[in-house]
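To keep things clear, I will list the structure first and then write my remarks on it.
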There are 2 protein chains.
Amino acid sequence: MSNFGTYIRQARETHRAKDASFSVRQLAARVGIEPSYLSKIERSEQPPPSQQTIERLAEALGEDADVLLALAGKVSDELQEIIRRRPKLFGELIRQLKDAPDHAVLRVVREVRDGEW
Amino acid sequence: MSNFGTYIRQARETHRAKDASFSVRQLAARVGIEPSYLSKIERSEQPPPSQQTIERLAEALGEDADVLLALAGKVSDELQEIIRRRPKLFGELIRQLKDAPDHAVLRVVREVRDGEW
DNA sequence: TGTAGTGTGTAGTATATACTACACACATGA
DNA sequence: TCATGTGTGTAGTATATACTACACACTACA
């Protein structure tokens with residue numbers, strides 16, 4: 001289903017080519033989980049871990065947490081909380097942008113960033 | 001924590017004033033859950049039910065599903081899926097709009113709706 | 001040859017999620 | 001008075017989530 005495991009293994013091994021401390025064991029230790037658990041996750045024998053663990057993995061691997069969470073089939077609680085505060089507004093916005101091409105969404109992002117409210 | 005239960009009870013009793021079929025038992029039957037379960041949810045003795053059940057409640061009560069889900073501390077899988085497809089883009093957008101006033105977000109919604117991509 | 005490190009296999013556990021089934025006490029109307 | 005409907009109390013269950021603990025086989029190096 002998701003390539004989460006493969007992606008993590010890939011990222012870890014890329015780091016490892018330059019830095020031997022990116023072994024399953026040592027990365028797991030840094031992230032705060034059991035090595036066998038990480039190993040199983042990388043081989044998709046276990047589903048992706050919790051949001052917290054994914055965020056620590058992202059940090060340790062220099063990856064974008066939102067992207068890793070997406071691969072894991074999740075959306076960060078931070079983003080969810082923003083939506084939950086104004087569910088109608090954000091619901092409408094997001095559905096509206098569902099099929100908009102990237103550049104159109106980006107334009108909106110920039111407009112809002114630079115824009116006068 | 002959340003007023004989900006109170007909100008549901010309120011909505012149900014409002015309907016009930018006009019339509020006797022909005023009893024706990026009958027609504028529960030329509031929604032496909034046990035009456036005692038609905039009763040407990042309304043009194044916050046149980047946490048809010050699953051997304052599916054919330055959506056059926058919304059339908060039966062004529063309420064906005066996104067709003068009920070938000071009260072339940074959830075975000076619909078449909079919206080999450082849209083975000084997951086382009087996590088960086090939507091992540092940035094949503095964070096950008098976190099503190100924007102409603103009218104600014106609405107303006108964006110309208111722009112996108114009417115806009116030429 | 002032994003010790004340190006590698007990845008992985010086996011066998012669990014704790015907690016949360018999302019409910020069901022059934023019984024009870026009370027009210028209302030026929 | 002009794003059948004019907006009301007809300008609710010008690011006592012469970014099935015499944016998913018998110019892991020841990022420990023052992024094993026293999027490699028490399030000193």
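Order of the sequence lines sets the chain letters (A, B, ...), proteins ahead of strands, with each chain counted from 1.
Residues passing the ring pair (Phe, Tyr, Trp, His ring centres under 6.0 Å) test with A:Phe22, sequence neighbours excluded: A:His15.
Put simply, B:Arg12 has a side-chain N or O that comes within less than 4.0 Å of OP1 or OP2 on D:dG7.
Atoms CD and CG, on A:Gln96 and B:Asp114 in that order, are 8.5 Å from each other to the nearest 0.5 Å. A distance of 15.5 Å separates NZ in B:Lys88 from CG in B:Leu93, rounded to the nearest 0.5 Å. A distance of 5.0 Å separates CG in A:Leu89 from CG in B:Asp102, rounded to the nearest 0.5 Å. Once rounded to the nearest 0.5 Å, the distance linking OG1 of A:Thr6 with CZ of A:Arg43 reads 11.5 Å. One finds the CD1 atom of B:Ile8 at 12.0 Å from the CD atom of B:Glu13 (value rounded to the nearest 0.5 Å).
Listed by residue number, the members of residues 59-67 of chain B with any heavy atom below 4.0 angstrom from DNA chain C form an empty set. Within residues 27-39 of chain A, the residues having any heavy atom closer than 4.0 Å to DNA chain C are, in order of number, A:Pro35, A:Ser36, A:Ser39.
Along DNA chain C, the stretch of nucleotides lying under 4.0 Å from any heavy atom of chain B spans, 5' to 3', C:dA18 to C:dC22.
Residue pairs meeting the side chain to side chain donor-acceptor pair (under 3.5 Å) criterion with at least one partner in residues 23-37 of chain B, sequence neighbours excluded, are B:Ser21-B:Arg30.
Both A:Pro49 and B:Ala20 sit near DNA chain D, but only B:Ala20 has its closest nucleotide nearer the 5' end. Each of B:Thr53 and B:Arg25 has a nearest nucleotide on DNA chain C; the 5'-most of these lies closest to B:Thr53.
Summarising the geometry of B:Phe90 relative to A:Leu97, their closest heavy-atom pair is CZ-O, 3.7 Å, with the distance given to 0.1 Å.
Residue B:Gln46 is in base contact, counting any heavy-atom pair closer than 4.0 Å across all strands shown.
Looking at heavy atoms from C-beta onward, A:Ile41 lies out of side-chain contact with A:Thr53 at the 4.5 angstrom threshold.
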Side-chain atoms of residues 56-69 of chain B: list all donor-acceptor pairs with protein atoms under 3.5 Å, sequence neighbours left out, distances to 0.1 Å.
unit_1, atom_1, unit_2, atom_2, d
B:Arg56, NH1, B:Val31, O, 2.9
B:Arg56, NH2, B:Gln52, OE1, 2.8
B:Glu63, OE1, B:Tyr7, OH, 2.7
B:Asp64, OD1, B:Asp66, N, 2.8
B:Asp64, OD1, B:Val67, N, 3.3
B:Asp66, OD1, A:Arg95, NH2, 3.2
B:Asp66, OD2, A:Arg95, NH1, 2.9
B:Asp66, OD2, A:Arg95, NH2, 3.2

